[in-house]
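Have a look at the structure below, then the notes.
This one's a predicted model, so the numbers in the text were calculated from it and none came from an experiment. Sequence positions, counted from 1, serve as the residue numbers for this chain.
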Amino acid sequence: MPTRSILLCGGAGYIGSHMAHWLAEHGYRVTVLDNLSTGHRDAVRWGELILADLLDPAALDQAFGGRRFDAVMHFCARSLVGESVSQPNAYYANNVAGTLNLLDAMHRHQVGKLVFSSTAAVFGNPCSDCIDEEHDKQPINPYGASKLMTERILSDAAHAYGIRSVALRYFNAAGALPEHGIGEAHRPETHLIPNVLRAALGQGPALKVFGDDYPTRDGTCIRDYVHVQDLAQAHGLALHYMDRADGAHAFNLGNGQGFSVREVIDCARQVSGRPIPYDQAPRRAGDPATLVAASGKARELLGWQPRWTELAPIIDSAWRWHRAPPHWFPALPA
Ligand code: UFG
């Protein structure tokens, strides 16, 4: 039976809201479940919103009862690396125990397919500059550990309950779809591109570049930036993949090209036409020098074809979003 009705957990967040847009555009029925702890009610523009927390099994039962879902997409997570080091219990509770509750509810209500948001943080400090799925997984913080544990749980759930799953390990999610009223709106904002653009707009505290003594071409960290719309496309393809493949699977998602922090700043300067002042700062704890994905498996088995393969258009989409944010965009710190 074709997969048409999707429960989108975390659909009020950054990547989840782009997923909702993609699903609606491709003819799926979307129901968003979110506790709005970091997501935004106004970002739920496609489908009904169920206000519920994965840590509340009764609320999950209520969400699943009376509705028929063909698959679940799971974007709910705490995802700040530094915070995970200072508040590990919150990360294991939300990211691991929350997913266990979700799997229980899926099992009870006979929903057999899950697409799960995983992360490059499962690899820890990689020993290769281009990371494929087989690379060693030694997370260096509770955030990465919580995601790797969940991947393991998904593999056990496939075996025990027959729940099919695809874990998608994002490298650096970036960009926005301002023409559809969605984009990145985190508070606090820790990510590079929004902070760079805020500096271009002359807003908030000065931009800091964390570390200039990494073993990279200019001493700053190198990352693989992938547009959220391309991530959404991969999730859509994962639904089809689960129609033909049982078990639990994992794919790395990135463009395969790394950019240093300074290259991102230079590119944003060109895109915005504005100066971008910054202060050089010490290294940020937990940052690996280089994270670049080898995404051949996703291309081959899912048929994934990222459309945003250049950095400038990715930054330009984020620039258009930050330059003219919607009324609900959270207030910037002074
Ligand atoms: N950076 C700065 N200044 C800033 C923000 C970031 O110099 O104001 C640097 C960081 O130190 C890092 C690079 O820019 O070198 C990218 O940082 P981001 O915070 O944008 O992204 P991360 O690579 O730290 O994080 C991403 C995901 C996480 C995931 C992690 C895996 O957002 O969810 O990759 O390492 F856990």
What is the distance from atom [atom1] of [X] to atom [atom2] of [Y], rounded to the nearest 0.5 Å?
X: His322; Y: Leu201; atom1: NE2; atom2: CG; result: 8.5 Å
X: Asp42; Y: Ile182; atom1: CG; atom2: CD1; result: 13.0 Å
X: Phe251; Y: Leu237; atom1: CZ; atom2: CG; result: 10.0 Å
X: Met106; Y: Asn101; atom1: CE; atom2: CG; result: 13.0 Å
X: Gln305; Y: Gln233; atom1: CD; atom2: CD; result: 7.0 Å

Quick one: do Glu151 and Arg169 make a salt bridge, cutoff under 4.0 Å? yes

Could you tell me whether Asp266 and Arg262 have a side-chain N and a carboxylate O separated by less than 4.0 Å? no

A quick test of your reading: do over 12 heavy atoms of other residues, nucleotides or ligands sit less than 6.0 Å from CZ of Arg244? yes

For Glu300, does the CD atom sit with more than 12 other heavy atoms under 6.0 Å from it, leaving out its own atoms? no

Counting C-beta onward and ignoring hydrogens, is there a side-chain heavy-atom pair between [X] and [Y] closer than 4.5 Å?
X: His18; Y: Ile15; answer: no
X: Cys9; Y: Leu102; answer: yes
X: Tyr214; Y: Ile222; answer: no
X: Leu168; Y: Leu302; answer: yes

What's the shortest heavy-atom distance between Arg68 and Gln110, and which atoms? NH2-O, 3.1 Å

Applying side chain to side chain contact (heavy atoms under 4.5 Å, CB included) between Ile131 and each of Val122, Leu291, Val292, report the one that passes. Leu291

Paired with Leu33, the side chain to side chain contact (heavy atoms under 4.5 Å, CB included) test is passed by just one of Leu49, Leu51, Leu54, Leu8, namely Leu54

Under the ring pair (Phe, Tyr, Trp, His ring centres under 6.0 Å) test against His235, which residue among Tyr170, Trp304, Tyr28, Trp22 passes? Tyr170

What I want to check is whether the side chains of [X] and [Y] have a donor and an acceptor closer together than 3.5 Å.
X: Glu83; Y: Tyr143; value: no
X: Thr99; Y: His74; value: yes
X: Asn255; Y: His227; value: no
X: Gln229; Y: Trp308; value: yes

Would you please name every residue forming a salt bridge (Lys or Arg N to Asp or Glu O under 4.0 Å) with Asp316, sequence neighbours left out? Arg320

Is the charged tip of Arg283 near the ring of Phe210: under 6.0 Å from the six-membered ring centre and within 45° of its axis? no

